[in-house]
Protein chains: 2
Amino acid sequence: MLPDTPENLKNGRPRSLDDRDGRWGELHLRVPYRLRATRDVFEINAPELISVIETPSDRPAQVLTIMDQGLHEAQPDLLRRVESYLRAHEDRVTPAGSALFLPGGEAAKNDPALIDEVLSAIHERGICRHSYVLAIGGGAVLDAAGFAAATAHRGVRLIRLPSTTLAQGDAGVGVKNGVNRFGKKNFLGTFAVPWAVINDFNLLRTLSGRDWRCGFSEAVKVALVKDAGFFRLIESSIGAINDRDLAVAGPIIQRSAELHLKHILSGGDPFELTTARPLDFGHWAAHKLEQMTSFDLRHGEAVAIGLALDVVYAERTGLLAAPDRERILACLLALGFDLHHPALHETETLLEGLDEFREHLGGRLTIALINGIGEQSDVHEIDPSVVREAIDDLSAGGLKTGRRGGDQRGGG
Amino acid sequence: MLPDTPENLKNGRPRSLDDRDGRWGELHLRVPYRLRATRDVFEINAPELISVIETPSDRPAQVLTIMDQGLHEAQPDLLRRVESYLRAHEDRVTPAGSALFLPGGEAAKNDPALIDEVLSAIHERGICRHSYVLAIGGGAVLDAAGFAAATAHRGVRLIRLPSTTLAQGDAGVGVKNGVNRFGKKNFLGTFAVPWAVINDFNLLRTLSGRDWRCGFSEAVKVALVKDAGFFRLIESSIGAINDRDLAVAGPIIQRSAELHLKHILSGGDPFELTTARPLDFGHWAAHKLEQMTSFDLRHGEAVAIGLALDVVYAERTGLLAAPDRERILACLLALGFDLHHPALHETETLLEGLDEFREHLGGRLTIALINGIGEQSDVHEIDPSVVREAIDDLSAGGLKTGRRGGDQRGGG
């Protein structure tokens with residue numbers, strides 16, 4: 001059973017025969033995470049972008065720009081400003097041809113041909129592992145561009161400029177990318193550390209009311225599982241958030257980003273290889289609701305419903321006190337979220353989301369709940385009859401009062 | 001230029017405005033590397049495979065077997081033995097359906113439909129991130145199966161059972177996978193730590209003489225850049241290697257694997273994000289020769305030629321002493337390698353390999369040479385006229401004497 005002699009060849013590394021786990025060594029990876037916040041990253045003298053770029057000794061660094069089509073339409077001047085910025089720093093960077101455009105929203109993640117387009121550009125324009133892909137857009141565009149960037153040459157350097165509240169506060173910050181296959185969200189993807197993430201709050205100015213709102217359900221989520229003080233800050237800032245005051249809302253988004261990132265970097269298992277979990281409170285139902293509504297529900301909207309469902313569930317199973325439940329639901333409603341959707345009543349289908357959630361994350365079913373504001377508490381079983389009761393609660397009248405929001409604005 | 005207030009929100013994490021590099025934190029990943037050597041891994045009581053599998057608390061772990069078609073044809077009994085082994089341990093593992101087959105050799109890496117087949121199986125059979133893909137085969141099959149395993153659900157657990165000397169000694173050990181696109185070798189791939197690598201020397205018994213030989217050029221390579229003592233061991237074992245004595249050859253393959261892996265794990269940059277390089281002595285020409293011959297030249301054969309070319313180049317540029325050059329060429333010849341190929345005379349095309357090599361690895365051109373046996377010495381420029389002279393040396397008579405080998409055996 002034992003090998004003939006290789007043990008003998010491990011000079012200086014004697015290995016016990018009891019080492020049944022077969023560990024020969026350990027891979028040890030340390031990678032800096034660059035995260036910055038700013039306003040107007042493409043102002044010619046703004047240092048945030050140019051200062052993260054490492055220029056090769058013999059020529060400027062190549063930069064391939066990939067832009068969200070929706071953002072381009074909402075901010076038609078942006079592309080010219082990107083180009084001017086790169087030109088102003090031509091001693092250090094050079095554009096690798098003209099920008100590529102990807103459709104915004106889930107469409108970017110559903111069409112394999114779009115990934116091929118990005119890969120072709122990387123191939124044809126000679127982008128190497130020390131060149132940069134500058135991806136500007138919402139979470140879906142960052143995810144799709146990020147998957148292409150992470151797999152071409154086994155990874156070219158990706159700089160993410162998230163352009164939505166959701167992407168700046170959560171989806172664009174972290175170490176994942178992903179595209180959809182077989183009707184499964186993020187079936188394909190990798191863990192890969194982006195070279196840098198720069199949150200430019202000015203990019204948020206042209207979001208629709210729906211998209212503006214979406215990032216704040218993730219902010220509420222991370223506050224609920226990590227930081228009661230942050231939840232209070234959100235509660236007290238609802239007016240300014242709904243008024244789209246960037247001086248208040250920007251730092252809230254940034255705090256959400258930082259809490260998400262801190263969870264990833266400080267948990268000891270950033271690539272979720274063993275038991276580490278993402279911050280996925282409210283997400284089992286959210287993922288399924290997005291799928292069931294063919295992504296008519298935006299992720300942030302689905303998360304608000306998923307949070308509400310799990311908060312009511314937690315209260316009904318005795319984990320959470322009723323006043324906390326009320327505060328949370330009131331906060332989500334005041335931020336303008338609907339906490340109910342007809343798809344909730346296709347409850348059998350919804351509950352299939354539990355198993356898909358388990359399969360995607362692997363291992364035993366683990367659902368994050370809370371037993372207080374700022375206090376996560378995991379469970380490994382979900383009682384379908386209580387889920388049904390919670391759905392009835394959400395569809396009952398009272399919860400829909402208090403809604404307000406900012407749907408009046410246009411733009412992508 | 002500075003953000004309005006997010007700095008203020010970084011409670012307890014004051015950040016200097018001089019921190020121009022934008023580092024917010026650091027990702028820190030530690031992953032065990034399980035590497036084992038054995039004979040007859042599927043003997044029912046053999047512990048090497050079953051002991052690396054972590055069984056979930058509530059059910060056996062799912063195992064999807066992917067097998068090299070060529071290996072299956074050469075060892076028709078193997079599949080039944082895999083199935084018996086899994087059945088004998090059914091308390092801990094359960095097969096996720098029947099085995100998938102991938103064509104052996106570069107074909108596995110050239111056809112995107114094969115990757116899709118593996119992804120479909122992972123999707124349809126409900127393989128999760130805590131399930132296992134057991135890939136058994138040559139380096140190309142491990143690379144293709146590994147790319148699918150690394151991107152499905154952002155990575156399911158991959159156990160590699162390399163079945164060639166090349167894969168056991170080099171290609172199957174490490175943290176990369178890759179498939180070919182746009183005519184570029186390994187254009188697509190990821191860095192991903194396999195769950196375990198188990199070298200079963202018995203799998204090598206049915207290799208053809210060509211394939212048997214191929215792993216030893218990589219063993220010579222790693223000896224030349226890392227370990228003069230290992231080079232002497234290879235020199236003194238040539239007879240036993242050519243006689244395919246597994247008791248001698250197996251440990252040499254394993255030592256090659258260990259030196260490759262040690263280079264990756266101890267270099268501080270296992271994912272080659274900054275300046276770390278793989279052990280790529282002799283590889284700029286080898287990669288190009290494979291491509292130029294449409295992979296008629298096997299990787300190990302191309303590496304032998306690439307080594308010879310760079311050894312002669314190093315001697316001609318004064319880096320390497322002539323007696324060392326002679327020893328190295330004599331060793332490669334005695335192992336049965338041809339050190340010349342007509343494609344070398346398409347020298348313009350061959351030299352394009354330098355730029356493709358630079359692009360794939362990124363950054364400045366860096367070519368590993370040696371200035372002694374066991375002593376690597378990098379250069380950043382290659383003189384095409386000296387390459388031409390080195391090719392003339394290789395095509396001149398004397399170097400082809402002494403050739404012997406073991407082409408008499410059949411099998412895949």
Side-chain angles (χ1 to χ4, degrees), chain A residues 1 3-6 9 20-39 46-47 51-52 56-58 123 126 128-130 151-154 175-176 178 182 187-191 193 196 247 250-251 254-255 258 261 265 270-271 273 359-364, chain B residues 1 3-6 9-10 20-39 46-47 51-52 56-58 123 126 128-130 151-154 175-176 178 182 187-191 193 196 247 250-251 254-255 261 265 270-271 273 359-364:
Chain A
M1 219 31 40
D4 287 340
T5 55
L9 280 171
R20 297 287 292 273
D21 186 28
R23 290 181 190 224
W24 185 89
E26 190 176 60
L27 177 133
H28 195 177
L29 181 72
R30 296 180 87 99
V31 190
Y33 201 107
R34 300 176 185 89
L35 173 65
R36 317 192 80 161
T38 186
R39 301 212 14 201
S51 65
V52 298
S57 56
D58 54 342
H123 155 59
C128 78
R129 284 173 52 77
H130 292 206
T151 52
H153 298 304
R154 300 195 182 101
V175 295
K176 296 183 188 179
F182 309 115
F187 179 81
L188 274 184
T190 72
F191 287 86
V193 186
Q254 192 66 8
R255 178 71 179 154
E258 293 182 350
L261 189 55
L265 299 186
F271 287 2
L273 296 171
E359 178 190 315
H360 186 65
L361 291 166
R364 186 178 175 200
Chain B
M1 219 30 38
D4 287 340
T5 56
L9 278 171
K10 288 176 186 159
R20 297 287 293 272
D21 186 29
R23 290 181 189 224
W24 186 88
E26 190 177 60
L27 177 131
H28 194 179
L29 180 72
R30 296 180 87 98
V31 190
Y33 201 107
R34 299 177 186 88
L35 172 66
R36 317 192 80 162
T38 186
R39 306 224 352 213
S51 65
V52 298
S57 56
D58 54 342
H123 155 60
C128 78
R129 285 174 50 78
H130 292 207
T151 51
H153 298 305
R154 301 193 182 101
V175 296
K176 297 183 188 179
F182 309 116
F187 179 82
L188 275 184
T190 72
F191 287 86
V193 186
Q254 192 67 10
R255 178 71 179 154
L261 189 54
L265 299 186
F271 287 1
L273 296 171
E359 179 190 313
H360 186 65
L361 291 166
R364 185 179 176 199

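Chain A is the first sequence line, chain B the second, and so forth, proteins listed ahead of strands; every chain is numbered from 1. Everything numeric in this text was worked out from a predicted model, so none of it was measured.
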B:A152 versus chain A, the contacting section by heavy-atom distance below 4.5 Å: both
Mutual orientation of the aromatic rings belonging to A:H123 and B:F182 [parallel < 30°, tilted 30-60°, perpendicular > 60°]: parallel
Contacting region of B:P32 [heavy-atom separation from chain A under 4.5 Å]: both
Interchain contact, B:V193 with chain A, by part (heavy-atom threshold 4.5 Å): side chain
Qualifying residues under side-chain hydrogen bond (donor to acceptor under 3.5 Å, both in side chains), relative to A:R129, sequence neighbours excluded: none
Separation between CZ of A:R34 and CH2 of B:W24, rounded to the nearest 0.5 Å: 14.5 Å
Residue among A:L188, A:T151, A:V175, A:L265 with most heavy-atom pairs under 4.5 Å to chain B: A:T151
A:E26 versus B:R30, closest heavy-atom pair with distance: OE1-NH2, 2.9 Å
Leading residue by heavy atom contact count with chain A [cutoff under 4.5 Å; candidates B:P270, B:G189, B:C128, B:A196]: B:G189
Point-to-point distance, once rounded to the nearest 0.5 Å, from CZ of A:F271 to CG of A:L29: 6.0 Å
